[in-house]
Amino acid sequence: MADVPEKFLKPYDPKAVEGAIYKQWEDSGYFNPDNLPPVDGKPRTEPFSIVLPPPNVTGTLHMGSALMLVIEDTLVRFERMRGKKVLWIPGTDSAAIATQARVEKDIQKAEKKSRHDLGREELLKRIDVFVEENKNNILNQLRRMGSSLDWSRYAYTMDAPRYGAVMEAFVRMYDAGLIYRGNRIVNWDPKGQTTISDDEIVYEERPAKLVTFKYGKDFPIAVATTRLETKVGDTAVAVHPDDVRYKEFVGKEYDAVFCGVPVHIKIIADESVDPAFGTGALGVTPAHSQTDWDIAERHNIAARPQVISELAKMTVDGPLNGKKVTEAREIVLEWLKQEGLFVKEETIVQNISTAERTGGIVEPLPKLQWFIDVNKPVKDRGGKSLKELMREPVATRQIEIIPNYFEKTYSHWIDNLRDWCISRQIWFGHRIPAWFKGGEIKVSIDSPGAGWEQDTDVLDTWFSSALWTLSTLGWPAETADLKTYHPTTLLETGYDILPFWVARMILMSQFHLGEIPFKTVYLHGLVRDKEGRKLSKSLGNNVDPLEMGEKFGTDAVRVALIAGMAPGTDSKISEEKIRGYKHFANKVWNITRFVLENKTAAGEGPVMAEDESVAAEASAGAAEVTKHLETYRLDLAFDCIYQFVWKRFADEILEESKPMLKGSDKARAQSRAAALRGSLDIILKTLHPFMPFVTEEIWQSMGEKGLIMVSAWPTRQSS
RNA sequence: GCACCUUUAGCUCAGCUGGUUAGAGCGCUGUACUCACACUACAGAGGUCUCAGGUUCGAAUCCUGAAAGGUGCACCA
């Protein structure tokens, strides 16, 4: 054994070594399962696969994505050491709306031009350039966290293979009758000028005026509304069937001229009306409310006039023409008072729908959009609907969600699921492969021929994200990767996107392959500051994982994120916590120094029976860690090894060893030194998935051959 | 309105299918520069396990109810 390397005389300096170590790992080729060394002379067979939830291609790494990387990398390293055929696929997401908005803003600022000034083609070119310039930023940040991702399989949602997969998926689903085009109420964001999904809505409580009025002097029922301006689009008044106050009027029809607009109102009875709210009568505006649209549908009311434009302005003739909705509301109120139709006005608290990204107030509008039918029986899947195909694997535990109480959230979401509106009116994204000519529509990847115009809409980003486990493994081609690694072993992501993403991946995989996309879903919580607030730039409480890595070492950041974090619960991060784990890395460093110094001093010698318990204890510790990692309790797993290393090994075992090592009995000293050295091996290996950098640095500094990254995970037999 | 989660030491949390004096990290107090490490060690203080009932020989752990905090969904006339 060589002398103790000089570097151990100084404290561990992560900054000096991390870059080189990552490069060594990457250059080794072992991130790619095809290159992994055999185990006991036999090639690896059991696959373990994770597809990285792709971060925004133009984004920067925040604590949330750092947590995701750390959890996944820890599990991946653990399984790789255990001899599995481990694949972890990196990727990035185009984040269509966010990216396009960002580029548009930049152009507006620098050149004072809108997207319409540039045109579709030019804007897309600019976005591509922007993405190309920025993508290396996020990719390098993924590397800095130590992520052992197989870069040879890198995927981007907008690259050619993924684009092809999206087109193919659309066409197949259309051919199966699951995708249709229809005029339906959608959530229109007038600020972003696009449709958004129900999940992209944020509700805000605001005070609102609830006005009670009558449509005309001879109209028998007063109704209450907060949206007076939409009343020019009313075609019915609905009351509860059991409401004795209004029973005699049901079925009657009335004409009136409402604020300059002729309206025809039929009185109908519908179960959905709450007799206790307002006057117990609801003015039905089919074109500007989902529930009203549904009511009109139930009662065969054909007239559903649209009275508000995409710019949130009135489209009717008369005094309201061209007015903004908020102005129109006041004009109608004045008019009601003049005409003597005003009854009363009160203030209520109302939940208002705003668009998550732009903050614009959502305007429900009827629009021609593309939808996925979630209730229609699917022929090739035993006549089950997509809804059932999504529900079943989770209900039967074919897919396990950790923590499992999220299964309830999941089924609750499925129960309330409506047809999925998949078209978006932006330019950057996967363009819908539908072609129009005259009144005809054709769906195909390539143009059907001269004179056919492609739909200008693009797909909801979640459509392509939903295909992620398939498209990253080469689907629709029947690749070897797809065969080996799908269904993937684990999907690890934040609980906040369980419905958006997890459910939709199940939908796509169930439909296209007839199998689940992953066997286990591990949901992590949100990372918050030490006061429990969300981390954000505007609050000024942002803790930057890379900055912290610079300061305390990446290993410290990794472990600070994992320690004390049970699955699914939010966790708190602070600089102090990270600093604490830097101390731990240094502790391991010093333990190594002690062990090496004494080994050198004592010289070579066999381990005697009385010292066998030392290494046995270390491998018992490793077994505990193994047990917890197998059940995805990284927090408990790390706690075990942390306690063992610091409290047991350093404070007790090393202390009690000192007299033996310094004593006159040479054989005794040699035996103990050898036992400690053997334990150190086990400790370093057990620690490696959590703290890959220090352990690798120590491993190689001790003169061990090969990378600790692909060394064999400690088992009881090997001790 | 419906559903779900949380409530254990000053702070952040563990505590599996109920079993002797309830645990960890950080923080706090005191001591020790006795050479692996001050990015340290040793010692210590600190809890009627939110509350009220119940099941049990025995409950932080199971059941019922309440309170407080949080989240999702719905409503949003």
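Per chain, numbering begins at 1; letters A, B, ... match sequence-line order.
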- Note on the structure: Assert: residue with more 5' nearest nucleotide on RNA chain B, out of A:S272 and A:I591, is A:I591
- Query: How do A:A566 and A:Y642 order along RNA chain B: which one's closest nucleotide is nearer the 5' end?
  - Reply: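 Between the two, 5'-proximity favours A:A566.
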Using a 4.0 Å heavy-atom cut-off across all strands, classify [X] as base, sugar-phosphate, or nothing.
X	value
A:V284	nothing
A:A585	nothing
A:S353	base
A:D274	base
A:L210	sugar-phosphate
A:I348	nothing
A:K582	base
A:Q643	sugar-phosphate

Mind calculating the distance between [atom1] ([X]) and [atom2] ([N]) to the nearest angstrom?
X	N	atom1	atom2	result
A:D639	B:C26	CG	C1'	13 Å
A:K408	B:A3	NZ	P	12 Å
A:Y581	B:C26	OH	P	7 Å
A:N598	B:C37	CG	C1'	13 Å
A:L680	B:A36	CG	P	16 Å
A:L634	B:A14	CG	P	14 Å
A:H583	B:C26	NE2	P	9 Å

- Counting only distance, no hydrogens or angles, is the base of B:C37 paired donor-acceptor with the side chain of A:K587 under 3.5 Å?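 Side chain to base: pair present.
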By nearest atom, which of the nucleotides [options] is closest to the [X] side chain?
X	options	answer
A:P11	B:C26, B:C39, B:C37	B:C39
A:N416	B:A36, B:C73, B:G25	B:C73
A:H412	B:A36, B:G25, B:C73	B:C73
A:W646	B:A14, B:A36, B:A41	B:A41
A:D651	B:C42, B:C37, B:A14	B:C42
A:Y405	B:C4, B:A36, B:C42	B:C4

- Task: Evaluate the ring-ring contact (aromatic ring centres under 6.0 Å, His included) criterion for residues A:F258 and A:F213: first the C-alpha distance (whole Å), next the side-chain angles of each, then the deciding distance (0.1 Å), finally the verdict.
- Result: CA-CA 11 Å; A:F258 192 84; A:F213 72 98; 5.6 Å; yes
- Item | Heavy-atom side-chain contact between A:V502 and A:T493 under 4.5 Å | yes
- Message: If you define the side chain from C-beta out and look only at heavy atoms, does anything of A:V557 sit under 4.5 Å from A:E550?
- Response: no
- Message: Using a 3.5 Å limit on both distances, find every run of at least three consecutive Watson-Crick or G-U pairs that involves RNA chain B.
- Response: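 Detected stem regions: B:1-7 with B:67-73, B:10-13 with B:23-26, B:28-32 with B:40-44, B:50-54 with B:62-66.
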- Task: Determine the interatomic distance between P on B:U7 and the same-named atom on B:A45; round to the nearest Å.
- Result: 27 Å
Do the side-chain N or O atoms of [X] get closer than 4.0 angstrom to the phosphate oxygens (OP1, OP2) of [N]?
X	N	value
A:K658	B:A36	yes
A:R633	B:G15	yes
A:W413	B:A3	no

- Take A:V559 and A:F638 through the side chain to side chain contact (heavy atoms under 4.5 Å, CB included) test and state the conclusion after the steps. CA-CA 8 Å; A:V559 162; A:F638 179 73; 3.1 Å; yes
- A:E492 side chain to A:H524 side chain, donor-acceptor N/O pair below 3.5 angstrom: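 Side chains of A:E492 and A:H524: pair found under 3.5 Å.
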- Task: Find out whether the Lys NZ or Arg CZ of A:R184 is both under 6.0 angstrom from the six-membered ring centre of A:W293 and within 45° of the ring's axis.
- Result: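 Cation-pi check for A:R184 and A:W293: fails.
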- Message: Holding to side chain to side chain contact (heavy atoms under 4.5 Å, CB included), I want the full list of residues that pass it with A:K247, two or more places apart in sequence or in another chain.
- Response: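 A:K247 satisfies side chain to side chain contact (heavy atoms under 4.5 Å, CB included) with no other residue.
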- Message: A:Y254 vs A:Y215, test: ring-ring contact (aromatic ring centres under 6.0 Å, His included). Steps then yes/no.
- Response: CA-CA 9 Å; A:Y254 296 85; A:Y215 290 96; 9.6 Å; no
- Query: Can you name the nearest heavy-atom pair linking A:A622 to A:I682, along with the distance?
  - Reply: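 Heavy-atom minimum between the residues: CB-CG2, 4.1 Å.
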